[in-house]
> 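I'd like to ask some things about the structure below.
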Amino acid sequence: MPLFDLPLEQLRGYTSSVAPPPDLQDFWDATIREARTFPLTATFEPVENHLTVIDTFDVRFAGYGGAPIKGWLHLPANRPAGGRLPVVVQYIGYSGGRGLVNQDTRWAQAGYAQFIMDTRGQGYGGITGDTPDPHPSAGDVAYAGLMTRGAGSREDYYYRRVYVDAFRAVEAAQAHPEVDASRVVLAGISQGGGIVVAVAGLAAGRLDGVIAALPDVPFLQDFPRSIDIAPRGPYPEIAAFLGRHRDRYEPMLAVLNYFDGVNLARAATAPALYSVALMDDVCPPSTVFASFNAYGTGAAKEIEVYRFNNHEGGQEHHWIRQLQYLRKLLG
């Protein structure tokens, strides 16, 4: 895939035309307040993972509407007794779920607590999942996939539920006695990276303890531009839906505006390390820079650029970069 978006020098200064709705914070205040009326009831059941260096717990907690959300908590087996570990709360890419019990333990191998959230209604793609989406809007008229599910209203849109699940996943991770609730790191690739941006913004003023955000080639940023120029991946689901429902463009953009990472990023305060791939035709680089440039007025932030990569981004090279970043941040 050749370079198809703006030149890098223009990307570094690119800002989105997206503007937050005037009641954005009120909407999310009410949403989080409603979510917290359901007891979190986080449970951690030890499970066999067939590994000698990692201990794993099967997690359940109450997400949006009190629906049960699953996850894994991995801890280094050689952790000091009575200690508390910084925790990496990890969100998954589009169509994936939490995976098998021992499928991804690398943050725990590096010495952190690792909390992986299953994504409701997903897990049908490359990584298996086990959490349904019971919301009635899951049966609405929508394009195949998740991008237009419930998009007739901000109350019913699919990502309202996912963002709440992700916010409560942080609270669930903090509830474990061996996790340091004051040192939470958010991490994720693609959809997971977009969820990182959303939770970083939603946490500001609502949830203590988030100290870093690691959005890797993040999805769910700058919806208007992404719909217009992304030739591959989930964004074209929206374009395909609008190709038939020609009168829905403006109303749908009005709904998506409440979930656009560019708008949610503005409120974030935690330091952030982004990544972007300049040949990415799934999450176009201009949309990632739109999010990065909007992120947290005054917040410390860095972005790693992978010039010759598509949506795979920096992969193992970027994970080393993230490790170095966290070790410097945490001391």
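Side chains included, hydrogens not; waters and symmetry mates left out as well; all remaining heavy atoms used. Positions are given from 1 along the sequence.
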> Side-chain contact test, heavy atoms from C-beta onward, threshold under 4.5 Å: evaluate it for Pro234 versus Gln191 and give yes or no.
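In short, these two side chains do not touch, never coming nearer than 4.5 Å.
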> State the OH-CG distance between Tyr64 and Asp133, to the nearest 0.5 angstrom.
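It is 10.0 Å, given to the nearest 0.5 Å.
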> Using a strict cut-off of less than 4.0 Å between a Lys/Arg side-chain nitrogen and an Asp/Glu carboxylate oxygen, indicate whether Glu302 and Lys328 qualify as a salt bridge.
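A salt bridge is absent here (no side-chain N lies under 4.0 Å from a carboxylate O).
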> Are Asp280 and Tyr306 packed together at the side-chain level, in the sense that at least one heavy-atom pair is separated by less than 4.5 angstrom?
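The answer is no, as the side chains (C-beta and beyond) never meet within the 4.5 Å cut-off.
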> Would you say Asp29 has more than 12 foreign heavy atoms packed within less than 6.0 Å of its CG?
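More than 12 heavy atoms, drawn from other residues, nucleotides or ligands, come within 6.0 Å of this atom.
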> Verify side chain to side chain contact (heavy atoms under 4.5 Å, CB included) between Cys283 and His311, making sure each step is shown before the conclusion.
CA-CA 7 Å; Cys283 296; His311 192 53; 3.4 Å; yes
> Does Gly71 offer a backbone N or O that forms a donor-acceptor pair with the side chain of Arg98 under 3.5 Å?
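Side chain of Arg98 to backbone of Gly71, a donor-acceptor pair under 3.5 Å: yes, one is there.
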> If you apply the rule ring pair (Phe, Tyr, Trp, His ring centres under 6.0 Å), what do you find for Phe115 with His176, and how did you get there?
CA-CA 10 Å; Phe115 187 105; His176 192 274; 9.4 Å; no
> Are more than 12 heavy atoms, taken from residues, nucleotides or ligands other than Arg307, located less than 6.0 Å from that residue's CZ atom?
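Result for CZ/Arg307: open.
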> Okay, side chain of Tyr235, backbone of Leu220: is any donor-acceptor separation there less than 3.5 Å?
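Yes, the answer is positive, given that a donor and an acceptor are paired below the 3.5 Å cut-off.
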> Less than 4.5 Å apart, any side-chain heavy atom of Tyr274 and any of Lys301?
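No, side chains not in contact.
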> Indicate yes or no for a side-chain donor-acceptor contact from Glu237 to the backbone of Met147 under 3.5 Å, with no hydrogens or angles considered.
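Side chain of Glu237 to backbone of Met147, a donor-acceptor pair under 3.5 Å: yes, one is there.
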> Please check if Phe219 and Leu253 belong to a single hydrophobic cluster, counting links between Ile, Leu, Val, Met, Phe, Trp and Tyr side chain heavy atoms closer than 4.5 Å.
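Hydrophobic grouping puts Phe219 with Leu253.
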> Got a second to check how far Leu24's CG is from Leu264's CG, nearest 0.5 Å?
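Those atoms lie 5.5 Å apart.
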> So how far is it from Met252 CE to His245 NE2, rounded to the nearest 0.5 Å?
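Separation between the atoms: 8.0 Å.
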> Do Ile195 and Leu273 belong to the same hydrophobic cluster, where Ile, Leu, Val, Met, Phe, Trp and Tyr are linked whenever their side-chain heavy atoms lie under 4.5 Å apart, directly or via other members?
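As far as the 4.5 Å side-chain criterion goes, Leu273 and Ile195 are not connected within one cluster.
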> Are the side chain of Asn257 and the backbone of Ala19 linked by a donor-acceptor contact shorter than 3.5 Å?
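Yes: the side chain of Asn257 pairs with the backbone of Ala19.
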> Is the shortest heavy-atom distance from the side chain of Arg248 to the side chain of Thr148 under 4.5 Å?
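SC-SC contact between Arg248 and Thr148 ruled out.
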> Does Asp222 reach the side chain of Tyr14, with side-chain heavy atoms less than 4.5 Å apart?
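Answer yes - side chains close enough.
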> Find out whether Trp72 and Asn49 are in side-chain contact, i.e. whether some heavy atom of one side chain is under 4.5 Å from a heavy atom of the other.
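Not in contact.
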> Do Thr131 and Asp118 have side-chain N/O donor and acceptor atoms under 3.5 Å apart?
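There is such a pair (donor and acceptor under 3.5 Å, judged by atom type) between the side chains of Thr131 and Asp118.
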> Please check this pair: side chain of Ser16 against backbone of Ser291, looking for a donor-acceptor N/O pair closer than 3.5 Å.
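Such a contact is absent between Ser16 side chain and Ser291 backbone.
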> Begin with the C-alpha distance, continue with both residues' side-chain angles, and end with the deciding distance and a verdict on side chain to side chain contact (heavy atoms under 4.5 Å, CB included) for Asn78 and Val53.
CA-CA 7 Å; Asn78 65 347; Val53 297; over 6 Å; no
> Which heavy-atom pair separates Gly121 from Leu146 by the least distance, and what is that distance?
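Nearest heavy atoms, Gly121 then Leu146: O-CD2, 4.5 Å.
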> If only atom types and distance count, is the side chain of Tyr163 paired as donor or acceptor with the main-chain N or O of Phe259 below 3.5 Å?
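Side chain of Tyr163 to backbone of Phe259: a pair is present.
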> Can you tell which of Tyr159, Phe223, Phe27 makes a ring pair (Phe, Tyr, Trp, His ring centres under 6.0 Å) with Tyr258?
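Only match with Tyr258 under ring pair (Phe, Tyr, Trp, His ring centres under 6.0 Å): Phe27.
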> For the residue pair Glu48 and Val101, what are the closest heavy atoms and their distance?
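Between these two residues, the closest heavy atoms are O-CG1, 3.8 Å.
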> So, taking the atom named CG in Leu3 and the one named CG in Leu8, what distance separates them when rounded to the nearest 0.5 Å?
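Reported value, rounded in 0.5 Å steps: 9.5 Å.
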> Look up atom CZ in Arg160 and atom CD in Glu155, then write down how far apart they are to the nearest 0.5 Å.
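Going from the CZ atom of Arg160 to the CD atom of Glu155 covers 6.0 Å.
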> Quick one: salt bridge (Lys or Arg N to Asp or Glu O under 4.0 Å) pairs with a partner in residues 75-85, sequence neighbours left out?
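Passing the test, one end in residues 75-85: Asp55-Arg79, Arg79-Glu178.
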> Could you tell me which non-hydrogen atom of Asp165 sits nearest to which non-hydrogen atom of Arg120, and how far apart they are?
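The pair with the smallest heavy-atom distance is OD2-NE, 2.6 Å.
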> For the pair Thr287 (side chain) and Pro284 (backbone), establish whether a donor and an acceptor sit closer than 3.5 Å, ignoring hydrogens and angles.
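At least one qualifying donor-acceptor pair exists.
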> Spell out, as yes or no, whether a donor-acceptor pair under 3.5 Å connects the side chain of Arg161 to the backbone of Asp156.
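Answer holds: yes.
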> Looking only at heavy atoms, which two atoms of Gly201 and Arg206 are closest? And how far apart?
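Gly201 and Arg206 have their closest heavy atoms at O-NH1, 4.0 Å.
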> Without swapping roles, check the side chain of Asp180 against the backbone of Ser182 for a donor-acceptor pair under 3.5 Å.
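Such a contact is found between Asp180 side chain and Ser182 backbone.
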> So, Gln90 versus Asp104: side-chain donor-acceptor pair below 3.5 Å or not?
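There is such a pair between these side chains.
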> Same cluster for Ile69 and Phe38 if Ile/Leu/Val/Met/Phe/Trp/Tyr side chains link at under 4.5 Å?
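Different hydrophobic clusters.
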> State yes or no: do Tyr94 and Phe241 share one hydrophobic cluster built from I, L, V, M, F, W and Y residues joined by side-chain heavy-atom distances below 4.5 Å, directly or via other members?
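Yes; tracing contacts between hydrophobic side chains, which count when under 4.5 Å, links both residues.
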> Is there a salt bridge (Lys or Arg N to Asp or Glu O under 4.0 Å) between Arg225 and Asp260? Walk through the geometry before answering.
CA-CA 11 Å; Arg225 182 167 175 82; Asp260 197 315; over 6 Å; no
> Starting from the C-alpha separation in whole Å, work towards a yes-or-no answer on side chain to side chain contact (heavy atoms under 4.5 Å, CB included) for Phe61 and Met117.
CA-CA 10 Å; Phe61 66 95; Met117 185 189 85; 4.2 Å; yes
> Compare every heavy atom of Gly63 with every heavy atom of Val164, then report the nearest pair and how far apart it is.
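So the two residues come closest at CG1-C, 4.4 Å.
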> Where is the tightest heavy-atom contact between Ala230 and Val282, given as atom of each residue plus distance?
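Answer, listing the atom of Ala230 first, then Val282: CB-O, 3.9 Å.
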> Determine the sole option in Val87, Val197, Val170 for which the side chain to side chain contact (heavy atoms under 4.5 Å, CB included) test with Leu186 is passed.
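Among the candidates, only Val170 passes.
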> Can Trp107 and His74 be said to form a side chain to side chain contact (heavy atoms under 4.5 Å, CB included), step by step?
CA-CA 8 Å; Trp107 286 111; His74 302 301; over 6 Å; no
> Using side-chain heavy atoms (C-beta onward) and a distance below 4.5 Å, is Val184 in contact with Val89?
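Side-chain contact under 4.5 Å: yes.
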> Starting from Val288, can I reach Tyr295 by hopping between I/L/V/M/F/W/Y residues whose side chains sit under 4.5 Å apart?
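Same cluster.
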> Answer whether the closest heavy-atom distance between the side chains of Leu214 and Tyr325 falls below 4.5 Å.
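Leu214 vs Tyr325: side chains touch.
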> Measuring from atom CD of Gln114 to atom CG of Leu85, what distance do you get when rounded to the nearest 0.5 angstrom?
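Those atoms lie 12.0 Å apart.
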> So, applying side chain to side chain contact (heavy atoms under 4.5 Å, CB included) with Ser286, which one of Leu11, Val276, Thr15 is it?
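Checked Leu11, Val276, Thr15 against Ser286; only one passes side chain to side chain contact (heavy atoms under 4.5 Å, CB included): Leu11.
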